[in-house]
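Since this is a predicted model, take the numbers as computed values, not measurements. These numbers come from the heavy atoms of this one structure, side chains and all, not from hydrogens, waters or symmetry mates. Throughout, protein chains are lettered first and strands after them, A, B, ... in sequence-line order, and every chain is numbered starting at 1.
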Amino acid sequence: MGEYFIVVLLDDYRMSKIRGTGLEEHIKYMFGGELRLLEVKVPEELKDRILQEFETARVDSRGAITDLPVAFMRELFNQIVEKKSLGPEVVEAVLQKVDEIKKAAEKESEYLPPPEID
Amino acid sequence: MSRFLIQRPLPHGGRLVERVITDKEAAKKMIRGCPSYDIKPTLHFETGVPVRNVYREIMSICYGFFSPVEGSMKQAEVERILKERRLLNEWIFPYPLVFDISEEDYRNLGVGPGDRLVLNLKGKPFAILDIEEVWRIEDPEELAHLTFGTPERNPEVVREPFNKKHPGWVIYRSLQPVVLAGKYTIINEPKLRQPFDRFWFPPRKSREEFERRGWRTVINHQTRNVPHVGHEFLMKCAAFTGDVEPCHGILVNAVIGVKRRGDYPDEAIVEGHEAVNKGGYIKPERHLPSIVLWDMRYGNPLESLLHGIIRQNMGCTHHMFGRDHAAVGEYYDKWATQILWTKGIPSYGFPAPPTDVPYGLDIRPQNMREFAYCPTCKEMAYSETCGHKREKLSGSFLRGMVAEGVQPPSIIMRPEVYKVIVKWWKHFGYPFCNEKYVVNKEKELEVDLEDL
């Protein structure tokens, strides 16, 4: 049985949300420490459900599940903060909202809110 | 003068094709009494989505990007291209280029060889086609296969049979049956829309610009993407080639044409490259972003041949080629372009590289591998020199980051470039091309025309 994962990127805003949750010690770094990320573990059965629910999703050569809707990724981060965890229960909680996420994902092909930057 | 100095090459075919009438009175006389036809986009043979607009080919031909091609090709010329990748005048060329219309339109027009047809664009006279021959595409699917090749016929580089998932194959498969062959002439010069107008350097203008800047040697960077730092390093390091000194200039030439969902908008691509020099990462005195109008055929080695022709016509001395050049999917060997430019591909008519065959090209290939971030070197490192484990920059990884609204770190995307993406994201309500963008773009095109 394989172990998969989903990469959750952390910008300054997301860093502020996980401060004090105990998740800081799980932060991984790329590009000389300039990119911070968390990896959420996904067991085989949940990976299959994700691929079944979201047709754009795929598994890359590292075992990372990619090309998920933005709505999925945003909810995943919300659940990480709420559950203070990177375990499968986070993905299970996201999948409980699958209909809501799919509805949002449909609209994603028409509009995505741009970030506010200086 | 050192014998090692490289001079700017002549255009492909020996002279620049320029078929643009700027005298409106003369143009009016030329079209008096002629039948006219409204240019229509080529629609996907199954879905009806626009996949090509022949106006882009007319622009690129008449302004000399495709020299020595002068118009819509005759049947014998197309057959020779498919067999040997050569025009009837011997010069090498990769693709059939035709003006195709439906049987119904042909019947309604009632034109034939010797007639002059006025081509309207956006409701205004745009160009003329002096018809020399009318011929038919009997089997567009066969034409599409012959254009790109098959694993059996082109075993050196073709890995998978082409099909409807390949956008270039779809263009040829979707052509209308009647071809009107003959020379094009633009009779009403279009105005490029913003922001494309400031990136419009057709071959005569680009050659004059190189001269003005004192650029004897110029290396081209082909793009259809917003630049990340890997691209920037590719440009900077490839430019170290040249002759007795690095290339004087880097020409970024963005292919602007019909878009696919998920691509970055053309506006963000050209301004993103401009942001690289505005930010000083490559100083503007050495860097010139520009455009060419063309609906990409994604033909990897064949596309690279067209790129070599376009950039030699623009006055470049060198052209960088990377992995999966102008490719989509896994139809071709990922190094097919570099194979063409180093060894040739006999099954496409090149027993030697295109620079080493008669009536070939003079532009010099610079075949590059990849740049990635090396945490040990703490810098962007070249795959063939760095001995450490590197962190790859992938376009899809970056796109995922952008879509989530996470600003990529400056080590992988310059903040100035990201700001351009967000600027156009706000404008279109979406960071990438979606269906709305694709449909609107093909309605608005990149040009406007005045009354003649």
(message) Is it true that, when you exclude B:Lys392 itself, more than 12 heavy atoms of the residues, nucleotides or ligands shown sit nearer than 6.0 Å to its NZ?
(response) no
(message) Atom CD of residue position B:Glu379 - does it have more than 12 heavy atoms of other residues, nucleotides or ligands inside 6.0 Å?
(response) yes
(message) Which atoms of A:Ser109 are under 4.5 Å from chain B, going by heavy atoms: the side chain, the backbone, both sets, or neither?
(response) both
(request) Measure distances from B:Ile412 to the heavy atoms of chain A and classify the residue's part below 4.5 Å as side chain, backbone, both or neither. (result) side chain
(request) Mind listing the closest non-hydrogen atom pair of B:Asn434 and A:Glu110 along with its distance? (result) ND2-O, 3.4 Å
(request) Working to the nearest 0.5 Å, report the span between CH2 of B:Trp425 and OH of A:Tyr111. (result) 9.0 Å
(request) Answer yes or no: are there more than 12 heavy-atom neighbours, outside A:Lys102 itself, under 6.0 Å from its atom NZ? (result) yes
(message) Looking at every heavy atom in both A:Pro115 and B:Gly405, which two are closest together, and how far apart are they?
(response) CB-O, 4.1 Å
(request) Determine the option with the most heavy-atom pairs under 4.5 angstrom with chain A, choosing from B:Tyr437, B:Phe432, B:Tyr430, B:Tyr373. (result) B:Tyr430
(request) Tell me, for A:Arg36 versus chain B, whether the close heavy atoms (under 4.5 Å) come from the side chain, the backbone, both or neither. (result) neither
(request) Find the one option among B:Ala403, B:Gly400, B:Cys374 whose heavy-atom pairs under 4.5 Å with chain A are most numerous. (result) B:Ala403
(request) Would you check if A:Glu34 and B:Ser410 make a side-chain contact, meaning some heavy-atom pair closer than 4.5 Å? (result) yes
(request) Nearest 0.5 Å please: distance from the CG atom of A:Leu112 over to the CD atom of B:Glu404. (result) 10.5 Å
(request) Below 4.5 Å from any heavy atom of chain A, which atoms of B:Lys423 appear? Answer side chain, backbone, both or neither. (result) neither
(message) Within this structure, what is the NZ-CD distance for the pair B:Lys426 and A:Glu116, rounded to the nearest 0.5 Å?
(response) 4.5 Å
(message) Let me confirm one number: the CZ-CE distance from A:Phe31 to B:Met380, rounded to the nearest 0.5 Å.
(response) 8.0 Å
(message) Using heavy-atom distances under 4.5 Å, tell me whether B:Thr376 contacts chain A through its side chain, its backbone, both, or neither.
(response) neither
(request) Mark yes when over 12 heavy atoms from residues, nucleotides or ligands other than B:Gln194 sit less than 6.0 Å from its CD; otherwise mark no. (result) no
(request) Kindly compute the distance separating CG (A:Leu35) from CE (B:Met401), expressed to the nearest 0.5 Å. (result) 5.0 Å
(message) Can you confirm whether B:Glu384 is buried at CD, in the sense that more than 12 heavy atoms of other residues, nucleotides or ligands lie under 6.0 Å from that atom?
(response) yes
(request) Check whether more than 12 heavy atoms from other residues, nucleotides or ligands sit under 6.0 Å from atom NZ of B:Lys236, and answer yes or no. (result) yes
